[in-house]
Number of protein chains: 2
Amino acid sequence: MSKPKPTPLDDVSKAIIAELQEDGRRSYAAIGKAVGLSEAAVRQRVQRLVDSGVMQVVAVTDPTEIGFARQAMIGIHATGELEPIADALAELTEVDYVVITAGSFDLLAEVVAESDDHLLEIISRRIRTLPGVMSTETLLYLKLRKQTYAWGVR
Amino acid sequence: MSKPKPTPLDDVSKAIIAELQEDGRRSYAAIGKAVGLSEAAVRQRVQRLVDSGVMQVVAVTDPTEIGFARQAMIGIHATGELEPIADALAELTEVDYVVITAGSFDLLAEVVAESDDHLLEIISRRIRTLPGVMSTETLLYLKLRKQTYAWGVR
DNA sequence: CCACCAAGTGCGGATTCCGTTGCAATCTCG
DNA sequence: CGAGATTGCAACGGAATCCGCACTTGGTGG
């Protein structure tokens, strides 16, 4: 939600995040015991982390398991400013991931669709028509092999 | 964790997942009210969904916020069987995302690293040396614009 | 027909959550 | 300096939640 946070994030908060990366429903009391803080303090910090947009606790799934049959990464070549294009992509509900990159593509967007038709429509009607988009390349997902959220639990 | 799950997943479970995609810490009682089930039934279903590997409730963050400065998507061209390569990539802790794709790349792997040196080491020493990997292309992330987990909350 | 299994409900008791209060350390300026 | 503001944490009590268990209910198959 917010951006004004160049805070480096202290070790205790990192430990709290690590706990919640393992199990997002772990109790504040248990986390407190693990990181050496009271339950209320943990609750406060979690609230702050969520409010500041640093962390969110959510359910994640393999989309194919819940009826989204087609997924693809779209590599995009563009001209001009990239951020407005990224913003436009981000507004599409079928696009769940947008990154600006340095490499052979200017942008990457991950698309989750219900069918081939649906996927085709998103790419050709929603994405390729955006101003600034020169060309796209579709990398259709055949198999999702790993999906982890445990950075920092090294 | 498990694979023996061709279950299509019923509407109630989808609704539960949708609730937890909005807020992973929402109470079982509140979810039960929303989907029309008792608290205990919701608890059972969530437990089952997690145990079967369909869903997990976790904290997610923007890695740059917690000290991982460099991220990149690695596009990989390979020969032979792709699954063993995907498995090998999945074993690397710095790799948080692995997909087998149909397109100009055979595999995509997302890497989270602490520094340029770290990133370089992973790519050149860990990934490019894997048997079957012919060539790689690094798409360095400049800016993560969107990261959503709310499939099904359309 | 009945045993069996899966899934749901109802019900305490233990635990957790949550708002509030109080305290100590740190910041802030005049 | 030093009074006031701010921040972060501990403590606490009432409300809500979680959790395990026993008890229905609705298929399913022998």
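Computation of the quantities below employed the complete heavy-atom set of this structure, encompassing side-chain atoms and omitting hydrogens, waters and symmetry-equivalent molecules. Throughout, a chain's letter reflects where its sequence line sits, starting with A, and its residues are numbered from 1. Just so we're clear, the structure is a prediction, and the values are computed from it rather than from any experiment.
- At whole-Å resolution of the value, CD in A:Q47 and P in C:dT20 are 14 Å apart.
- Looking at heavy atoms from C-beta onward, A:R25 lies in side-chain contact with B:L20 at the 4.5 angstrom threshold.
- Atoms CZ (A:R25) and P (C:dC17) sit 10 Å apart, rounded to a whole Å.
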request  = List the steps and the verdict of side-chain contact (heavy atoms from CB on, under 4.5 Å) for B:I74 and B:I123.
outcome  = CA-CA 8 Å; B:I74 315 296; B:I123 295 171; 3.6 Å; yes
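- In this structure, B:I31 atom CD1 and D:dT17 atom P are separated by 11 Å, rounded to whole Å.
- A:Q44 and A:Y28 share no side-chain donor-acceptor pair at under 3.5 Å.
- For A:I85 against A:P131, the heavy-atom pair with the smallest separation is CG1-O, 3.8 Å.
- Taking atom CG of residue B:D51 and atom C1' of nucleotide C:dA6, one finds them 15 Å apart after rounding to whole Å.
- Looking at B:R45 and B:D10, a side-chain N of the basic residue comes within less than 4.0 Å of a carboxylate O on the acidic one, giving a salt bridge.
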Pairs under 3.5 Å (N/O, protein and nucleotides 23-28 of chain D):
none

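- Shown here for B:L107 and B:I100, the closest heavy-atom pair between the two residues is CD2-CG1, 3.6 Å.
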task = Using a 4.0 Å cut-off on protein heavy atoms (strictly under), produce a 5'-to-3' string for nucleotides 7-14 of chain D with B for base contact, S for backbone-only sugar-phosphate contact, and - for none.
result = -SBBB---
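- Judged purely by atom type and a 3.5 angstrom limit, B:H77 uses its side chain to pair as donor or acceptor with the backbone of B:S104.
- No donor-acceptor distance shorter than 3.5 angstrom exists from the side chain of B:K146 to the backbone of A:V99, with no hydrogens or angles considered.
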